[in-house]
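Treat the numbers as computed from the prediction; the structure is a model and nothing was measured.
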Amino acid sequence: MTDTGTGTGTATGTGTGRETGGETPRERYRTQVRAEVKAHAREQLAAAGASALSLNAIAKRMGMSGPALYRYFANRDELITELIRDAYRSLADTFVATAADGPDPSALAYALRDWALADPHRYFLVYGTPVPGYHAPDDITGIVRGIMATLLDACAALPPDPSVTPFRSHLEEHRRWAGDHPAEPAALHRALTFWSRLHGVLSLELAGHFTGTGFDPALFFAAEVDELTGTSAP
């Protein structure tokens, strides 16, 4: 794609340059270019990871100059932010759709695994090693809290566990990560345990650490889900 920097986009009979959908040709072109940039960025992520992301290399692939591409993404961090935002929104949408049938942590677990297996590089972008020097903006933190809120709803719906542990007592006063969710400490603990253990299994599987072990990672994941939700056989 070669960027000419032109295109005023005048729609016949309107005088506004806007088409029926409310988007001018210039705006539509900008949307298309940004989408293509992100597609090339995802290819780079798959090949070498986020630390190797290069706007200049993407510009060359697209037949554009570096300065021309910077009209669509001001810098590498802005591009990474868009990729991370897209990833978290995708998972949030997956969780919301899954939870529409009712609060079920098992269903959320399998939805998480399907989402991760569908695009391991997207998974590692948000749940792998943090990108050096990168700090996510507040709106991404909000999306992440929404994902956790869906999980907290599901964990709070499980049979109550009245036991008291030092960590649960700690969570009484250290629950900022849960936002304003009203879950009891037992549900907070359950959600953290659920999230940590399942991501541990997924990260090992997607990184290839189970290769050659001879066991089925899907069955291992299922066993973890059963144990976490109290449905495993005694």
Side-chain angles (χ1 to χ4, degrees), residues 1-9 17-19 21-95 111-147 198-212 217:
M1 174 180 290
T2 302
D3 179 47
T4 62
T6 62
T8 57
R18 293 195 174 274
E19 297 182 345
E23 188 177 48
T24 67
R26 181 187 290 274
E27 291 168 341
R28 188 174 66 252
Y29 177 76
R30 179 178 179 80
T31 298
Q32 292 171 346
V33 172
R34 285 173 63 87
E36 186 174 346
V37 170
K38 288 194 287 185
H40 285 295
R42 285 190 288 269
E43 291 177 1
Q44 284 191 358
L45 290 176
S51 61
L53 197 64
S54 167
L55 283 175
N56 287 330
I58 293 172
K60 185 176 181 180
R61 286 282 305 275
M62 295 175 64
M64 299 172 65
S65 66
L69 189 62
Y70 281 94
R71 293 204 297 270
Y72 300 95
F73 289 96
N75 49 48
R76 188 195 69 147
D77 279 3
E78 183 180 331
L79 176 55
I80 290 175
T81 295
E82 279 293 297
L83 296 173
I84 291 175
R85 185 180 287 119
D86 287 349
Y88 277 130
R89 281 177 176 164
S90 174
L91 181 56
D93 290 346
T94 297
F95 267 30
L112 172 65
R113 185 169 190 271
D114 289 344
W115 180 85
L117 292 177
D119 191 339
H121 301 291
R122 175 182 60 184
Y123 174 87
F124 281 121
L125 177 64
V126 293
Y127 292 117
T129 303
V131 179
Y134 174 80
H135 300 284
D138 290 343
D139 71 299
I140 289 180
T141 302
I143 299 171
V144 173
R145 283 187 173 172
I147 292 170
L198 294 188
H199 277 299
V201 173
L202 282 171
S203 295
L204 288 170
E205 178 183 2
L206 293 176
H209 292 295
F210 293 155
T211 301

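- Separating the CG atom in L202 from the CG atom in L117 is a distance of 7.0 Å, to the nearest 0.5 Å.
- If you take CG on D86 and CZ on R42, they are separated by 6.5 Å, rounding to the nearest 0.5 Å.
- Listed by chain and number, the residues in a side-chain hydrogen bond (donor to acceptor under 3.5 Å, both in side chains) with R113 are E205 (sequence neighbours excluded).
- Minimum interatomic distance between R71 and R30 (heavy atoms only, all atoms of both residues): O-NH1, 2.9 Å.
- For Y123, the side-chain hydrogen bond (donor to acceptor under 3.5 Å, both in side chains) partners two or more places apart in sequence, or in a different chain, are H199, S203.
- Residues satisfying the salt bridge (charged side-chain N to carboxylate O under 4.0 Å, His left out) test with R34, not counting sequence neighbours, are E78, E82.
- Under the 4.5 Å side-chain criterion, counting only non-hydrogen atoms from C-beta, L79 is in contact with I58.
- Rounded to the nearest 0.5 Å, atoms CG (L45) and CD1 (I80) are 8.0 Å apart.
- The side-chain hydrogen bond (donor to acceptor under 3.5 Å, both in side chains) test applied to R122 returns S90, not counting sequence neighbours.
- D119 pairs by the side-chain hydrogen bond (donor to acceptor under 3.5 Å, both in side chains) definition with nothing, not counting sequence neighbours.
- Taken to the nearest 0.5 Å, the CG atom of L112 stands 9.5 Å off from the OG1 atom of T94.
- Considering every non-hydrogen atom in both A57 and Q44, the closest pair reads CB-NE2, 3.5 Å.
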Distance-only donor-acceptor pairs under 3.5 Å for side chains of residues 136-144, two or more places apart:
residue: D139; atom: OD1; partner: R85; partner atom: NH2; Å: 3.1
residue: D139; atom: OD2; partner: R85; partner atom: NE; Å: 2.7
residue: D139; atom: OD2; partner: R85; partner atom: NH2; Å: 3.1

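- Considering only heavy atoms from C-beta on, M64 comes within 4.5 Å of Y72 through its side chain.
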